[in-house]
Amino acid sequence: MKNVLKIALGILTSIGGFLDAGAIATSSEAGARYGFRLLWSLAFGTLCVVFLVEMAGRLAAVSNHTVADAMRERFGWRFFVFPLTAELIVDLFVIASEIGGVCLALQFVTGIAFRWWAFPVALLIWLFIWSGSFSFVEDSTAILGLVTIVFVVAVVKLHPDYHAIGAGFIPSMPPKDAPSYWFLAVSIIGAVISPYLLYFYSSGAVEDKWTEKDLNVNRGVSVIGMGFGSLVAMAVLVVAAQTLLPAGIGSDRYEQTPLMLSMVLGKTGFYLFAASVGIACFGAAVEASLSVAYLTAQSFGWTWGEDLPPKDDARFAMVYTVFPILAAAVTFSGIDPLKLTLFSMALTVVILPILLLPMIVLMNDEKFLKSHRNGWLSNAVGVVVVVVAIVLSVVAIPLELIGG
Amino acid sequence: MIVNLELLLGRKVLDVNGEKAGRVFDVRCEQQGKEAIVREWVLAAGSHRTRSVSDVVQFLLLQLRARTETAKVRVVPWDKLDLRDPRNPRLTCRIDELPAE
Amino acid sequence: MKRLQLARDVLDQQLIDRYECNAGKVDGIGLELRDGEPPRVAFLDMGSDVLARRLSPRLERWLQALRKLIGRKTPEPYRVEWSKVVKIANAVTIDIDSDRDAPNHVEHWLAEHLIGRIPGASREKKKKEPEQHNQ
C-alpha cells in the first residue's frame, strides 16, 4: 500500500519534471508545422528518458551514490570536469528558458512585456526552494502541474483522426523544409531527455533514503510517470496540429500560441493555457535550479540537502540563490524566449553523449550496482540514445544554421 | 620526497631501454596498522588524457574493461619504478623482466 | 592486512568527518618515496588549487594570479595525514572536525555573512512523513 502511494507521488513528480518550456514549445511547434508527423520523435525521447531515469534511480537506491558523486568517484576529476561544465552551461540556458516560459504566461495574462517579469520570477523560484522542504517542492509542483491535463481534455474534444495520429509514430520524411524538420526532431528529443532530471531524481532518491527495496517503486515511477508526462506533451502536439496548422499559424510567434486552447475552449482555454505554461515552466525551473545546486555540491563534496536549514549548507544554498538570478539576466536580455528554448534543447542533445556514455559505463559497474547492473536491453537503449544524439547533432544542427 | 598520485596517473612509463611500458593506471597498497604501504604500480595501455573525442572514448573503454578484468595491465613491483623525475617515470628493468600477473 | 587500490578506492571519494558531515572530496593523494623502503601514503589533499593543478599547471597559475588580484593569500592545500583515515567504504571517513579545522572556510564565511543573514536561514524545514494523508 505504501508503495502504491510512493508511486503515485512519484508519478505526479515526473509530470512536473517532464513537462517544461522545452517540451511545450517543441511539441506545439512540431504540431503547428508538421501535423502529427513528429510524434515518433516524442515517443523515442520518452522511451529513452524512461530508461535513463530508471538507471539514475537504481544507481541511487543500490549504491547510495547520486549520479554526480558516482561519476566523479569512478572517472576522476580530470574526466568529470567535462560533463560537469557542459551540464552547468546547458542548465543556465534551460533555466533561462523556463523563466522565459513563466514570464510569457504572465505577459499573456497581464499584458506587461515578458522581460520585466524575469527577476520577480527568479525571486519566486528562490523563495520556493529557500523555504520549502524537498517533499514540499516535489509535491506542490506536481499537484499544480495537474492543470496541464487540460491539453488531454482538449484532444478528446477535438475528435482527431486517431489513425492519422498512429501513423505519426512511424518516422517519415518531411514534405518540405527538411533541415527545419530534423532540427525540430533534435530539439524534441533534447526537450524530453533533460539531463538535470537525472541529477535531480538521483539526489531525491538519496534524500528519501531509497534502498534496494525501492527498486520496484523506481521502475513504476519511471515508466508510468514519464509515460504520463509524455502523454501530455503528445496532447500538446495533437492540439497544435488540429488548431494552429489548419489556421495557418506557425507557433514560432509566441503571441499566437494560446490560440491553440482558446480555439477549443474559448476564453477559459486562454487562461488555462497561460496557467499550464506558467506552472509547468515554474516547476521545471525550481527542479532545474535545485538540480544545479545538487550537482555542484556533490561535485565538490559539500554538505547538501533540501531538508536542511540553508545556514547548514550555505554553499549549496548559495548556488540555488545565484543561478536563477544569472538565468533571469539571460531572460531579461530580451532574447525571444521561444528561440532561447529551442536553442537550449538543441544544446542539450549536443552534450548528451558526454553525459550518457559515462553513465552507461557506471551502470555496468559491480562496485556501484552490485547484482543490479544493467541488462542488455538497458545497455542497448543507452547506446542507441548516444548514437542517435551524435548523429542528430552532427547532421541537424549545422543544417539549421545554414538554412536558418 | 613527495609524489602527487593525482598528477602521476596517466603518465607514460618507459622501460630501461626506452621502450613504452604503458601509463600509470593505479597503485596497489597494503594497509598495515595506521600506515598504507605501496606494493605495486599498475600500468595500462590507455591514457587518462581527455583532449579529444577519441581520448574520451578510449578512456571510457579502458575504464569499462578494467572493471571486468579484461584490460591488459602490467603490474610493476614498487622497487622497479624510478620516480625521481615524476614527470618521466621509468622502469629500472626491461618489460620482459616484470613478473607475470 | 587490507589491500587498497588508491585511484579506484580513495581518490575522488567523498570525505566524511567524525560527525558524519561532508568534508569535501579526496582531491589529491601524496605518496612519500623512501630510500630502500617501499613508498607510503603520506596525506590526502583538498582544495581548489589541487583541482586546478590536475587540469593544467596554467590553470593553477591563473587561479593564483586571480587570488593575488583580489588581495588574498594563496592558501596551502588542506592536508589530512593518512593516519587520520578511519574507514574506507562508501566514503572515506577521517577523524577531523570539519567545522573547526577543515577547508570549510568558504562555507563558514557564507553562512556568517551572506546566507545566514537572509531571513529563514536557520529555520528547520519540516519534513513530511510519507504516511501522512495526501490528495
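So that the names make sense, note that chain A is the first sequence line, chain B the second, and so on, each numbered from 1.
In this structure, CH2 on C:W109 lies 8.0 Å from CE on A:M318, to the nearest 0.5 angstrom. Atoms CH2 and CG, on A:W77 and C:L51 in that order, are 5.0 Å from each other to the nearest 0.5 Å. Summarising the geometry, atom SG belonging to C:C21 is positioned 11.0 Å from atom CG belonging to A:D313; distances are rounded to the nearest 0.5 Å. Taking NE2 from C:H108 and CZ from A:R315, the interatomic distance works out to 8.5 Å, rounded to the nearest 0.5 Å. Of the inter-residue distances, the one linking A:F368 atom CZ with C:N90 atom CG reads 8.5 Å to the nearest 0.5 angstrom. Remark: C:Q14 CD to A:R72 CZ distance equals 9.0 Å, nearest 0.5 Å.
By the 4.5 Å heavy-atom criterion applied to side chains, C:N22 and A:F316 are not counted as neighbours. Residues A:E73 and C:V10 are not in side-chain contact: their nearest non-hydrogen atoms beyond the backbone lie 4.5 Å or more apart.
For A:F128, the ring-ring contact (aromatic ring centres under 6.0 Å, His included) partners at least two apart in sequence or on another chain are A:F136, A:F282.
Only the side chain of C:L114 has a heavy atom closer than 4.5 Å to any heavy atom of chain A.
Closest approach of C:E107 to A:D312, counting heavy atoms only: OE2-O, 3.7 Å. What you find for A:A314 and C:A111 is that their closest heavy atoms are CB-N, 3.7 Å. In plain terms, the two heavy atoms of A:P310 and C:I115 that are nearest each other are O-CG2, 3.7 Å.
In this structure, A:K311 contributes its side chain and C:E112 its backbone to no donor-acceptor pair below 3.5 Å.
For residues 26-36 of chain C, heavy-atom neighbours of chain A at less than 4.5 Å comprise C:V26, C:D27, sorted by residue number.
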